[in-house]
Amino acid sequence: MSTMTAGQVLKRMETARFVLSYIDNQRSGRRELVLQGKTEGKHRAEHARVDILDDDGRLLETRPIDDAIAEFVFANFELRGDTESFSIYRSDLDSGHFDQQRSKRTAPAQVRHQLTAAEKSFTANGAKLWYHKPIFDKYRDTGFGSIIRATMTNHQVCASRCPFCSTISRNRKDAVTLQEAKDFVDRLYFDQADYNRKNFPEYNEAYKAATGSDIRLRGLILSGGGQPNLWPHFAEFVDYLSTLDIDLGLITNGFPQKVPDETYRHFQWIRISITPEDASPFYPDQRFDKQYMPELIKNNKDITVGYSYVFGPWTTDDILNRITQSLADNGFDYCRTLTDCNLTREMQLIAHRELAERLFRLGYIDALGNPTGRIFHQFKYHGSKPEAEELWDGGQCFLQTYSVFWDTTGHEQNGKSYCYACDSVTVLVDSDESGAVTSSERKFNHEKWGTVPNTEVSRLFTEPVKAYFDPRKVCTSCLFMRNNRTVKEIVNAPRDLSFEVPTGLQHLNFP
Ligand code: SF4
């Protein structure tokens, strides 16, 4: 079917969003299930193994894909979706039927885990929000938001084929110009500070006293498209940003050699996503630890450098051990490990439990879940409908009050694209009592979750915050409920509450 396929297509089916193919890959000598998005970008995810679980959800083995597994995946794909399909209960496989009555029995408390300073510092989980309390006083008293944190995806280019990709339906042509990127930052940096100095001097002074800054953009992450540093204007844009007083973070899965090493000097932190090793064309010998890394980021005390690793059927003890070695060899600071966010809550909790047990067996966490070295486990999992009802009793996402994520989906066609409160809207997934999965969209859908177009980003601080969508209807599996809850807690706290800003945390401007 596809010219990209190196092998014989043994079976194929189309759904509304995907083409699923069972392929005898003669180049790699293995059988694969290949998922291809039907949108213009036609991004692919290749699966060579599946997880086989016992009836309690314990991982028995990861098994190479064969005819029986392919048959089962095809038969249940419409029901189980593009992610869950690759975790299979052995009893279902043996009987040939997916047991829809299987109860959901995994609880967060079953996962060996401790929330440590590393997880609070290097991930967004709400812990750092108290540091910014005056902006929430302003919100409570006036209804106006303060965008202190932003993420930009300036293009949608990525060469990798990760099974867990959160934007598999993207269009490679959706990119912005350097001027559009600068304009976006200027509104949030200069205009927002002016606006707050003029209209909210009391809160602006309180924020300045607490943090040393006007209320304006404080932390900016360049992310998206797998490698934001492949965007043609990357180095020039970073040079521009370095003239402003903004903390910069970079999330990338590689380092194109044409970007000067010096560019990376301007980042406070860099997080390198490790893809499954057979999913990246630029890993020499399919080894992540052989990829090119700029010398400037190695053993550099001024830049926090970490890895991000998604646990799944592709995980081996060997790669976890090599991650540890690579952290030491390069003088990097941490590796956060987590699970595939496209899984449903139940399957994600099962995967988290397995990840924790693997880390424990290998000695990377202790019996209580405390990291013993630089690898930590980010215990991030989907919320539930009852939690959503209780949390958002006002029908509005609280991240809208301080955070913006600009994604360029649709930019080529419309000349503008949309802002969102977070990036997890691409991986929201639900399942009902019958086990039927409503898969994540794996793309940014502005009609459902968009707030304002990039050209009107100022409205996020010049107009009162309003509900652009009802999260109780479209975000019940939100991955940022803890952050939402913390904002609600701060907003509901007495204004004169004496509180302690959490100490010992880093990267405070990325709450
Ligand atoms: S997923 Fe959560 S944080 Fe993101 S927009 Fe929805 S409610 Fe807000």
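Atoms within each ligand, like the ligands themselves, are counted from 1 in listed order.
Within the 4.0 Å heavy-atom criterion, neither part of Tyr468 lies near ligand 1. If you look at Leu479 next to ligand 1, there are no close heavy atoms at all, none under 4.0 Å.
Residue contact annotation: Cys478 places an N/O/S atom under 2.8 Å from atom 2 (Fe) of ligand 1. Taking 2.8 Å as the threshold, Cys422 counts as a candidate ligand of atom 4 (Fe) of ligand 1, since one of its N, O or S atoms lies below it.
For atom 8 (Fe) of ligand 1, the closest heavy atom belonging to the protein is Cys397 SG, 2.4 Å. Of all protein heavy atoms, the one lying nearest to atom 7 (S) of ligand 1 is Trp392 CZ2, 3.4 Å. The protein non-hydrogen atom at the shortest distance from atom 5 (S) of ligand 1 is Phe469 CZ, 3.6 Å.
Heavy atoms of Phe398 come nearer than 4.0 angstrom to ligand 1 in no pair at all. In this structure, Asn484 has a heavy atom closer than 4.0 Å to ligand 1.
Taking every non-hydrogen atom of Ser424 and a distance limit under 4.0 Å, the qualifying atoms of ligand 1 come out as 1 (S). Set against the non-hydrogen atoms of Cys475, the atoms of ligand 1 under 4.0 Å away are 1 (S), 6 (Fe), 7 (S). Within the listing of ligand 1, atoms 7 (S) sit less than 4.0 angstrom from a heavy atom of Pro471.
Trp449 has its ring centre no less than 6.0 Å from the ring centre of Phe405. For Tyr264 and Phe255, the ring centers sit closer than 6.0 Å to each other. Aromatic ring centroids of Phe311 and Tyr309 lie 6.0 Å or more apart. Residues Phe376 and Tyr334 place their aromatic rings such that the two centres sit under 6.0 Å apart.
Looking at Val425, Asn445, Thr426 one by one, the single match for side chain to side chain contact (heavy atoms under 4.5 Å, CB included) with Tyr420 turns out to be Val425.
With Lys488 contributing its side chain and Leu391 its backbone, the two residues share a donor-acceptor pair below 3.5 Å.
In this structure, OH in Tyr207 is found 15.5 Å from CZ in Phe200, a value given to the nearest 0.5 Å.
Judged purely by distance below 3.5 Å, without hydrogens or angles, the side chains of Ser121 and His507 never pair a donor atom with an acceptor atom.
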